[in-house]
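Please read the structure below before turning to the comments.
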Amino acid sequence: MSNSSSLFLTGKKVFNFITQEEKTDSLSKWSESNLKKTQRIKKIVCGTGPHFLVWKKPNKLEFYQKDNKKRKYQLPKNETIKDIVSSYYTYLILTESGKVWSLANSNRYKEVPLLDADQSTFEEIRPVTFFEEKKLFVNSLAMGSASGYYLCNGDQLYASGSNHPGVGSIGEENKPTVVKNFKGSEILTVSSAYTHSILINNEGQTFSCGHQQTNGLGVQKTIFTLIPQLKEKKAVQLATGMILTLILTDQNKLYGWGFDDRLYPTDKPNKNKNLEIPAKIKLPGFFTNYLGSKDMIQIASGSGVCFLYIDFKNTLSDDLRLLSKSKKFCDCEIGTLGTQIPVHKNLIECRTKLTIDQIQNKLFVEKSINKEQTLSFLKWIYYDEISDFKKLEQTFGLLELTFPPSVDNTLEKDIAQLYKDDDSKDFKILVKIEDQDEEDNENKENKEGNYEEIPVHKFILYARSGFFRAMFDYVNKKENTNKIQDYTNKSIKSLKILIKYFYTNSIVLTANQDPELIVDELSDAVEYYQLNDQCNLENELLKIKNQFDLN
């Protein structure tokens, strides 16, 4: 991230940002701040001045500037935005066609590497002609305070600007110049900051160049050089700010350096700390408590502030969000000051380890909780969202639950435990038995005629599979039943593995299962069962392929 005040990225969830605040004793601390619901916003990029650019639609942008009216921009209809970066008073927009467009304050034009002879303005978006003239397709770009990087044609890395942009020169490079010691195909990511640039290669090694106080090397370099302290660490993310650089490893370990000790969330001051080389940064406990096995920390660093937030890979949360909105198969209600909210009993009790009656008695008998507070509580129940920290903390207090919830009380772990609770399963899938010698048929007590029964929670099937949603809607028009026939021709073993995946988000094979058959049948299941989370299931199948050498 460049020398800008902040950067917000939004996705399907509402993120709780973890920021750093300065305390009176000159020590920084982590604090939590909420980002309002901005699902329609794809990216917000802030420049150095009192202005920022908002990307909402595929080819439309909005520009906000203090004391000025909001401006709206639209790229040509055949252009779709891919990314936006900023530096000082400049914004560069990359489109899917490989073209670069610019917005800039013409009065500050000379301070940034705009690449074009024509001066850009905030009045209109203009194309950057350099790449078209060179017939270069731009795959990605990054900008620092006075330097920029452009990965072109998939294998050529160009740099422009000053502050040692990696081309072996300490002077100004007004036009993009090829970086000497790296090919684009060798690069995972690159970022540029105030007086330095950082690069991570495909093997996770971290390289840098630029001013010695901020490049992590402790010495001045004009080309990318390996940082020794991170040689054995596999870096997966980086964030470069004006005075602080962050590196995240594949083990969710955070390292940072810079020249302002107050930006480190340390337990006590260390006057002798060498800020020129990377040091491990302790993550806040209440933040890491929310990390599930498939969640990833995201990092960003700006001018005097850095952000940590969780990129939720837990697809259960997305699917159960759909369930909470549909209200399908709700089997009880939670009452609150004259309002009854339909809920799913098994899910509520699984997450709280309390019965519905206990919750009613603790929360609502004395009318100690209102509708707004109840809805905040249900957001955590259904999709692990903490939209209002104080309200949820108050609810947890009334229920005598530990707050914030620990890593053992995440949605993913709670639902995985629910899979083991056969007594609460309220539904059965009937699977036709084609092969009487099939090993699964030894469970004779579960057989009904020529079918085997697979117990499951109805709300899980509805949330996770479009196939079962459609089947439920069809059957429910005829009669209310707690059984449904699955017309698939897949093996019972594969279906059982898939049902377990619905609860656990993972696939684990036993020694007596044929991995090749399971992979083939579950690969077909992605489309057949209309799974919302195709990507995650495919990743799980890829792991099995690699494990058993099926590629």
| Side-chain touch Ile227/Phe207, heavy atoms, less than 4.5 angstrom | no

| field | Distance, nearest 0.5 Å, that separates CG of Leu498 from CG of Leu531 | value | 6.0 Å

| request: List for me each residue that meets side-chain hydrogen bond (donor to acceptor under 3.5 Å, both in side chains) alongside Glu516, sequence neighbours excluded, and say none if there are none. | output: none

| said: Tell me if the aromatic rings of Tyr158 and Tyr150 count as close, with their centers under 6.0 Å from one another. | reply: no

| query | What are the two closest heavy atoms between Ala416 and Thr504, and how far apart are they? | reply | CB-CG2, 4.1 Å

| How long is the span from the CG atom in Leu53 to the CD1 atom in Ile93, to the nearest 0.5 Å? | 6.0 Å

| query | Is the count of non-hydrogen atoms from other residues, nucleotides or ligands lying under 6.0 Å from Lys253 atom NZ greater than 12? | reply | no

| message | Please evaluate residues Leu61 and Trp101 with respect to the criterion side chain to side chain contact (heavy atoms under 4.5 Å, CB included), reporting the C-alpha separation (whole Å), side-chain torsions for both, the decisive distance (0.1 Å), and the verdict. | response | CA-CA 12 Å; Leu61 296 164; Trp101 311 72; over 6 Å; no

| said: Assess the residue pair Ile497 and Tyr501 against the criterion (side chain to side chain contact (heavy atoms under 4.5 Å, CB included)); give the C-alpha distance rounded to whole Å, side-chain angles, the decisive distance to 0.1 Å, and a yes or no. | reply: CA-CA 6 Å; Ile497 291 172; Tyr501 168 81; 5.6 Å; no

| request: Decide yes or no on side chain to side chain contact (heavy atoms under 4.5 Å, CB included) for Ser102 and Tyr91, but give the supporting numbers first. | output: CA-CA 6 Å; Ser102 66; Tyr91 299 89; over 6 Å; no

| said: Is it true that Thr245 and His196 share a donor-acceptor pair across their side chains at a distance under 3.5 Å? | reply: yes

| request: For His211 and Thr195, run side-chain hydrogen bond (donor to acceptor under 3.5 Å, both in side chains): C-alpha distance rounded to whole Å, both residues' side-chain angles, the deciding distance at 0.1 Å, then the answer. | output: CA-CA 6 Å; His211 193 280; Thr195 58; 4.6 Å; no

| Side-chain donor-acceptor pair present, Glu521, Ser494, cut-off under 3.5 Å | yes

| request: Decide yes or no on salt bridge (charged side-chain N to carboxylate O under 4.0 Å, His left out) for Asp319 and Arg464, but give the supporting numbers first. | output: CA-CA 6 Å; Asp319 291 343; Arg464 305 234 64 188; 2.9 Å; yes

| When rounded to the nearest 0.5 angstrom, what distance separates OG1 in Thr95 from CG in Leu75? | 7.0 Å

| field | Taking every non-hydrogen atom, the tightest pair across Ser140 and Leu94 | value | CA-CD2, 3.7 Å

| task | Report the relative orientation of the aromatic rings in Tyr149 and Phe224; use parallel for angles under 30°, tilted for 30 to 60°, perpendicular for over 60°. | result | tilted

| What are the two closest heavy atoms between Glu132 and Lys99, and how far apart are they? | OE1-CE, 4.1 Å

| request: Considering non-hydrogen atoms only, spot the tightest contact between Gln229 and Lys233 and give its length. | output: O-CG, 4.3 Å

| query | Does the ring of Phe63 carry Arg71 above it, NZ/CZ under 6.0 angstrom from centre and within 45° of its axis? | reply | no

| message | Assess the residue pair Ile247 and Gln237 against the criterion (side chain to side chain contact (heavy atoms under 4.5 Å, CB included)); give the C-alpha distance rounded to whole Å, side-chain angles, the decisive distance to 0.1 Å, and a yes or no. | response | CA-CA 6 Å; Ile247 296 290; Gln237 278 189 66; over 6 Å; no

| Salt bridge flag under 4.0 Å for residues Glu540 and Lys543 | yes

| query | Would a distance-only check, ignoring hydrogens and angles, find a side-chain to backbone donor-acceptor pair under 3.5 Å from Asn201 to Gly204? | reply | yes

| Is there a donor-acceptor contact under 3.5 Å from the side chain of Thr225 to the main chain of Ile223? | yes

| remark: Of all heavy-atom pairs linking Thr90 and Met143, the shortest is CG2-CE, 4.2 Å

| Distance, nearest 0.5 Å, that separates CG of Asp524 from OH of Tyr529 | 10.5 Å

| said: Could you report the tightest heavy-atom contact between Asn215 and Cys209, atom names first, then the distance? | reply: CB-O, 3.7 Å

| field | From Glu62 atom CD to Gln74 atom CD, the distance as rounded to the nearest 0.5 Å | value | 11.5 Å

| said: I need the Leu141 CG to Ser160 OG distance, nearest 0.5 Å. | reply: 10.5 Å

| task | Using the side-chain hydrogen bond (donor to acceptor under 3.5 Å, both in side chains) rule, take Ser97 and Glu79 through it: C-alpha gap first, then chi angles, then the decisive distance, then the call. | result | CA-CA 7 Å; Ser97 65; Glu79 296 288 348; 2.6 Å; yes

